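Only a predicted model underlies this, so the values are computations on that prediction, with no experimental measurement involved.
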Amino acid sequence: MDGTRSLKSKKKRSLQQPSNILPVQTSAQIIAEARQSVRALPTGRPFTPADIDKQSRGRPPSVYSIGARHFSEEQISRPNTSHKPPSRPSTSQKLPPIEKSIPPSSTASSKHVKQTPPTPMQSTVNLLQDEPEESCNPVPASYSSSSTTTVNKQSTSENRRDQDQIVTTSSQSSSRFPRSQPTTHMKKKSTTVSSSKGEEMDAYWEAEVTPLLRDLDESTADIARLCELSGTLWICLEGRGLLGRTGGEAGTKRRAAVLRSLFRLLDHTDSNLLLRIARIILAMKVTGKNLLNTCKLLFNISRTEANDVLFSEEQVLCPLVELLRETDPLVDMDAMVYGMGTLKMLSGNKGLCETLVGAGVCSLLIAVLQRCSEPSLDDANKTRCANLLVQLTIALRSLSENPTSRLEIVKGDIISLLCPVLEMYLQDKDIVFNIARVLSKLTLSKDGEEVVQRCPAFLPLLLQALACHSDNSETAVRICFVLGNLSADHDPTRELLYFTHGAIPLLNDLCTQYFGAEKAHLKKTAEKQPGREEDVLIKLVRVMANLTVHPRVGPSVANDGDTLRNLLMILGTVSTINYEELVLNVLATLNNISFYAGPGSHLVEMQEDIATVLLQVILQDTGDCLLECARVYGNLSRHPNVRKLLHETKVDEIMTTLLDSERMELVYASCGVLINMMADAHHRATLARMGGVRKLVDVLRDLGCEDWQLASLVCKTLWNFSENLTDASSCLGAEEADELIQLLQTYTENHPSGEDVNSPWQTEFVPVAQLLLHRIEQAHTQQASPMTVSNAMSFI
């Protein structure tokens with residue numbers, strides 16, 4: 001982290017011998033401390049152009065107008081009794097209601113009897129009564145289950161879509177059932193009570209509701225008056241339980257009267273009025289074409305962002321979500337698409353997200369995801385479901401961005417249900433893209449990341465999706481972003497991802513593909529500004545950097561020539577000015593890999609090439625890229641041929657200069673390189689010539705008591721530098737030697753408060769400080785014994 005030299009740095013490095021010196025164990029925690037230099041990269045959001053309000057992918061067709069003519073009112077058709085209608089497909093089975101289950105209707109006889117044409121009164125009763133549904137519309141309690149007249153309740157999916165018109169056949173009329181006589185005293189008492197309640201409701205209807213409906217029919221031009229009447233109508237209907245499909249034959253008549261009056265008002269264009277009307281229509285539990293056209297109406301209104309506040313004020317979302325929950329997507333697919341499209345549009349409003357959650361939108365999403373991912377779906381239904389899932393996943397992405405709704409998503413089963421959906425619709429570019437967007441939002445938080453990690457099937461599926469849609473940069477960058485988030489701090493994910501068949505070759509192929517496209521872009525532009533492929537490369541390399549933190553993955557990647565060549569190709573081509581984040585990710589990956597590079601690894605064979613390319617980066621940058629280069633040099637300088645190259649290219653002089661830096665991390669990293677450089681006697685003159693001893697003493701004085709790890713690195717550097725010390729004054733300088741003795745005595749004799757036996761002061765600083773102090777004190781009085789090979793120190 002940035003800061004002044006007084007700030008504390010927690011970057012840990014270890015003591016270890018260079019490859020040409022016998023190793024000496026100086027601390028029981030050498031490897032554990034050294035591994036702290038192997039880092040996962042922090043999360044970075046993919047570059048995404050600013051979303052245009054209300055403009056999202058996969059929008060349902062929106063070039064249409066909705067008016068009164070689209071809602072069915074008065075069509076009376078005779079049933080065809082000459083043949084039995086085709087049965088409903090098994091895939092159109094009704095989803096169970098979420099809240100209150102509806103009692104099943106009486107079992108109908110399979111035989112058909114001659115039916116009497118309905119009387120005019122019967123036709124009026126059946127206005128707006130929906131076609132009966134299997135196990136949905138109960139037979140009124142006043143009718144016996146042993147009726148001699150039957151109703152065939154089987155229908156095709158097309159017939160199901162035609163429901164809720166003002167169309168009722170004589171076979172669908174409840175008045176077609178012959179009444180059976182009560183057989184017990186209890187039945188007579190129940191009928192009397194019911195009759196009393198019915199009379200009370202009739203009186204209420206005539207006194208309160210009928211005048212409102214009459215006023216609605218007469219006030220067709222006064223919008224303000226219509227809005228007022230619609231609001232009053234809602235209060236009257238809701239207060240006496242007159243919404244929905246209740247009340248038997250009388251309830252059907254009342255429902256028909258309400259819907260008829262409301263449908264006639266739908267030619268108006270005032271959004272406030274239309275939403276008040278739609279709220280009542282939805283609460284009446286319309287289905288079929290009327291549900292479709294109501295959803296189209298709401299979708300059309302939701303496309304205008306200024307109307308969002310009206311959806312909240314008119315409380316339309318609760319009845320909409322409730323009705324969609326009770327609708328089978330495979331039966332009313334078009335209505336579900338437009339209804340979900342409405343929720344998609346409104347979910348982009350942060351203020352409405354909490355309202356949607358309170359309305360139960362999460363349970364709706366779960367039900368639809370389950371229905372659309374059933375293994376038994378045929379190809380035709382999968383195609384229809386894909387259109388619905390596009391709307392759903394966009395809405396889910398917006399909900400994932402809001403803290404309240406995101407918490408509900410994480411707690412529920414939605415994330416786990418996305419896994420089978422992704423598997424089933426892996427070839428659908430829009431669904432894959434939207435799921436990647438959802439996961440990219442959820443994995444930004446720790447709880448969301450943990451939920452995704454608990455679904456191990458996601459990783460191979462995401463890799464498959466990445467391979468299928470590798471040419472789509474918008475999808476690729478988001479999948480890589482998700483993989484980077486999941487592997488940032490979770491070793492099991494790193495291991496599972498790396499050892500998934502074909503993972504690293506896929507990442508390398510994508511790196512080659514997108515870097516080739518980026519190079520072609522650079523040739524076409526004189527400004528040398530990054531193209532859109534750069535963001536994909538950033539996220540790709542970040543995944544590699546996070547994977548190489550794992551102790552089993554790092555050594556394997558160090559032997560992967562394709563990965564190393566891709567990294568060097570990027571470093572040797574782009575500039576740190578225009579591609580800083582990409583360069584930083586490449587350097588972090590090289591730092592992780594070089595930590596694990598052992599004898600005979602591919603990286604060791606290429607280490608001189610790597611050191612040369614890093615020099616180009618150092619000459620271009622003095623900030624974060626310089627820091628990352630210093631860290632890589634700290635690992636590579638364990639090898640004598642690399643140290644020779646660094647001396648010849650004057651990298652050791654740059655590291656000595658960095659001791660004056662106000663950035664703690666730069667001082668830390670430069671000390672690591674100098675420890676290894678001082679292992680060679682012929683490289684020590686550079687440190688002395690550039691005043692390196694004075695700089696090291698200043699670092700120890702200014703920062704030693706605040707960061708004992710850094711203080712130990714300073715002592716290790718001076719220990720290697722002072723090998724074969726005979727005269728402390730001539731080697732270190734008289735003033736520097738005296739000050740160094742005083743500092744070391746003070747730091748080793750005075751135990752810092754709050755430091756336990758396992759603290760860095762005790763385990764790292766004191767051992768090397770005491771050795772260095774003893775050597776310098778001896779050199780004042782007598783010639784120090786030559787330093788043996790086993791007494792040298794190095795830095796990783």
Asks: Contact between Tyr668 and Gln709 at the side-chain level, heavy atoms closer than 4.5 Å - yes or no?
Replies: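 In short, these two side chains touch, coming nearer than 4.5 Å.
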
Asks: How close do Pro767 and Gln762 get, heavy atom to heavy atom, and via which atoms?
Replies: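 Nearest pair, atom of Pro767 first, then Gln762: CD-O, 3.5 Å.
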
Asks: Write down the atom of Asn559, the atom of Gly600, and the distance for their closest heavy-atom approach.
Replies: OD1-O, 4.2 Å

Asks: Let's go through Leu740 and Leu696 carefully: what are the C-alpha distance in whole Å and the side-chain angles of both, what is the deciding distance for side chain to side chain contact (heavy atoms under 4.5 Å, CB included) to 0.1 Å, and is it a yes or a no?
Replies: CA-CA 10 Å; Leu740 190 56; Leu696 290 168; over 6 Å; no

Asks: Would you compute the distance between atom CG of Leu537 and atom CG of Leu582 and round it to the nearest 0.5 angstrom?
Replies: 5.5 Å

Asks: How many angstroms lie between atom CD of Gln745 and atom CD1 of Ile776, to the nearest 0.5 angstrom?
Replies: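 If we round to the nearest 0.5 Å, Gln745:CD and Ile776:CD1 are 10.0 Å apart.
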
Asks: Would you mind reporting whether Ile675 and Ser637 have side-chain heavy atoms less than 4.5 Å apart?
Replies: no

Asks: Could you tell me if Asn641 and Glu608 have a donor-acceptor pair between their side chains, going purely by distance under 3.5 Å?
Replies: yes

Asks: Would you say Asn676's side chain and Gly634's backbone share a donor-acceptor pair under 3.5 angstrom?
Replies: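 Here the side-chain-to-backbone pair exists.
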
Asks: Specify the closest pair of heavy atoms between Thr748 and Ala769, including all atoms of both residues, with the distance to one decimal.
Replies: CG2-CB, 3.7 Å

Asks: How long is the gap from NZ on Lys519 to OG1 on Thr573, to the nearest 0.5 Å?
Replies: 5.5 Å

Asks: So if I apply the side-chain contact (heavy atoms from CB on, under 4.5 Å) rule between Leu483 and each of Val543, Leu547, Thr443, which one comes out positive?
Replies: Val543

Asks: Side chains of Thr563 and Met544: does their closest heavy-atom pair fall under 4.5 Å?
Replies: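 Sidechains of Met544 and Thr563: in contact.
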
Asks: On a heavy-atom basis, which atom in Leu540 and which in Cys480 lie closest, and how many Å separate them?
Replies: CD2-SG, 3.6 Å

Asks: Just wondering, are more than 12 heavy atoms of other shown residues or ligands nearer than 6.0 Å to CG in Leu407?
Replies: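 More than 12 heavy atoms, drawn from other residues, nucleotides or ligands, come within 6.0 Å of this atom.
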
Asks: If you define the side chain from C-beta out and look only at heavy atoms, does anything of Ile593 sit under 4.5 Å from Leu567?
Replies: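 Yes. Closest side-chain heavy atoms under 4.5 Å.
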
Asks: Should Val451 and Arg454 be marked as a side chain to side chain contact (heavy atoms under 4.5 Å, CB included) after you check the CA-CA gap, both sets of side-chain angles, and the distance that decides it?
Replies: CA-CA 5 Å; Val451 172; Arg454 288 198 292 268; 3.3 Å; yes

Asks: Are any side-chain N or O atoms of Glu518 and backbone N or O atoms of Gly531, one a donor and one an acceptor, separated by less than 3.5 Å?
Replies: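 Confirmed, Glu518 side chain pairs with Gly531 backbone.
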
Asks: Could you work out, with salt bridge (charged side-chain N to carboxylate O under 4.0 Å, His left out) as the rule, every residue matching Glu653, not counting sequence neighbours?
Replies: Arg689

Asks: Start with the C-alpha distance between Glu723 and Arg684, add both sets of side-chain angles, then the distance that settles salt bridge (Lys or Arg N to Asp or Glu O under 4.0 Å), and finish with yes or no.
Replies: CA-CA 10 Å; Glu723 182 184 11; Arg684 296 167 188 164; 2.3 Å; yes

Asks: Carefully, step by step, assess Gln778 and Arg775 under the rule side chain to side chain contact (heavy atoms under 4.5 Å, CB included).
Replies: CA-CA 5 Å; Gln778 274 190 326; Arg775 171 183 284 179; 5.6 Å; no

Asks: Quick one: do Gln620 and Cys625 satisfy side chain to side chain contact (heavy atoms under 4.5 Å, CB included)? Show the steps, please.
Replies: CA-CA 9 Å; Gln620 296 178 31; Cys625 293; over 6 Å; no

Asks: Which atoms form the tightest heavy-atom contact between Gly448 and Val410, and what is the distance?
Replies: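 Shortest heavy-atom contact: CA-CG2, 4.0 Å.
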
Asks: Nearest heavy-atom pair of Ser473 and Val536: which atoms, and what distance?
Replies: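 It is O-CG2, 3.8 Å.
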
Asks: Verify, without hydrogens or angle tests, whether Arg494 (side chain) and Asn546 (backbone) share a donor-acceptor contact under 3.5 angstrom.
Replies: yes

Asks: What pairs with His683 under ring pair (Phe, Tyr, Trp, His ring centres under 6.0 Å), at least two apart in sequence or on another chain?
Replies: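 With neighbours one apart ignored, the set is His647.
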
Asks: With a 3.5 Å distance limit and no angle check, can you tell me whether Asn585 reaches the backbone of Val541 through a side-chain donor-acceptor pair?
Replies: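 Looks like no, no N/O pair under 3.5 Å.
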
Asks: Measure from the side-chain N and O atoms of Trp761 to the backbone N and O of Tyr747, and report whether any donor-acceptor pair falls under 3.5 Å.
Replies: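 Yes: the side chain of Trp761 pairs with the backbone of Tyr747.
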
Asks: Any side-chain donor paired with an acceptor under 3.5 Å for Thr512 and Asn566?
Replies: yes

Asks: Whether the side chain of Asn591 engages the backbone of Leu587 through a donor-acceptor N/O pair (distance < 3.5 Å, no angle test) should be reported.
Replies: no

Asks: Side chains of Arg631 and Asn592: is there a donor and an acceptor less than 3.5 Å apart?
Replies: no

Asks: Examine distances only and state if a side-chain atom of Gln453 and a backbone atom of Leu486 form a donor-acceptor pair shorter than 3.5 Å.
Replies: yes

Asks: Taking salt bridge (charged side-chain N to carboxylate O under 4.0 Å, His left out) as the test, write out the residues that go with Arg694, two or more places apart.
Replies: Asp698, Glu735, Glu736, Glu739

Asks: State whether the number of non-hydrogen atoms from other residues, nucleotides or ligands found under 6.0 Å of Glu605 atom CD is greater than 12.
Replies: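 Atom CD in Glu605 is packed in, count exceeds 12.
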
Asks: Please report the interatomic distance NZ(Lys539) to CD1(Ile479), rounded to the nearest 0.5 Å.
Replies: 14.0 Å

Asks: Before giving the answer on salt bridge (Lys or Arg N to Asp or Glu O under 4.0 Å), spell out for Asp624 and Arg663 the whole-Å C-alpha distance, their side-chain angles and the decisive distance to 0.1 Å.
Replies: CA-CA 10 Å; Asp624 292 335; Arg663 293 190 62 182; 3.1 Å; yes

Asks: Determine whether Glu662 and Val667 make a side-chain contact, defined as any pair of heavy atoms from C-beta on separated by less than 4.5 Å.
Replies: no

Asks: State whether the side chain of Arg643 and the backbone N or O of Arg638 hold a donor-acceptor pair below 3.5 Å, judged by distance alone.
Replies: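 Yes, the answer is positive, given that a donor and an acceptor are paired below the 3.5 Å cut-off.
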
Asks: Determine whether Asp447 and Arg406 satisfy the following criterion, salt bridge (Lys or Arg N to Asp or Glu O under 4.0 Å), listing intermediate values before the conclusion.
Replies: CA-CA 10 Å; Asp447 52 356; Arg406 182 192 58 76; 3.0 Å; yes

Asks: Atom CD1 of Ile654 and atom CG of Leu658: how far apart are they, to the nearest 0.5 Å?
Replies: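 Nearest 0.5 Å value for the CD1-CG distance: 7.5 Å.
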
Asks: Check whether Ser601 reaches the backbone of Ala597 with its side chain - one donor and one acceptor, N or O, closer than 3.5 Å.
Replies: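 No: the side chain of Ser601 does not pair with the backbone of Ala597.
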
Asks: Are Tyr579 and Ile570 close enough that some pair of their side-chain heavy atoms sits under 4.5 Å apart?
Replies: no

Asks: Are any of the side-chain heavy atoms of Phe765 and Pro760 separated by less than 4.5 Å?
Replies: no

Asks: Please check: side-chain N/O of Glu628 versus main-chain N/O of Leu584, any donor-acceptor pairing under 3.5 Å?
Replies: no

Asks: Would you check if Leu590 and Leu571 make a side-chain contact, meaning some heavy-atom pair closer than 4.5 Å?
Replies: yes

Asks: Measuring from atom CH2 of Trp708 to atom OG of Ser759, what distance do you get when rounded to the nearest 0.5 angstrom?
Replies: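 Taking CH2 in Trp708 and OG in Ser759, the distance rounds to 9.5 Å.
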
Asks: Might you work through the side-chain hydrogen bond (donor to acceptor under 3.5 Å, both in side chains) test for Glu534 and Asn578, ending with a clear yes or no?
Replies: CA-CA 10 Å; Glu534 183 214 15; Asn578 296 328; over 6 Å; no

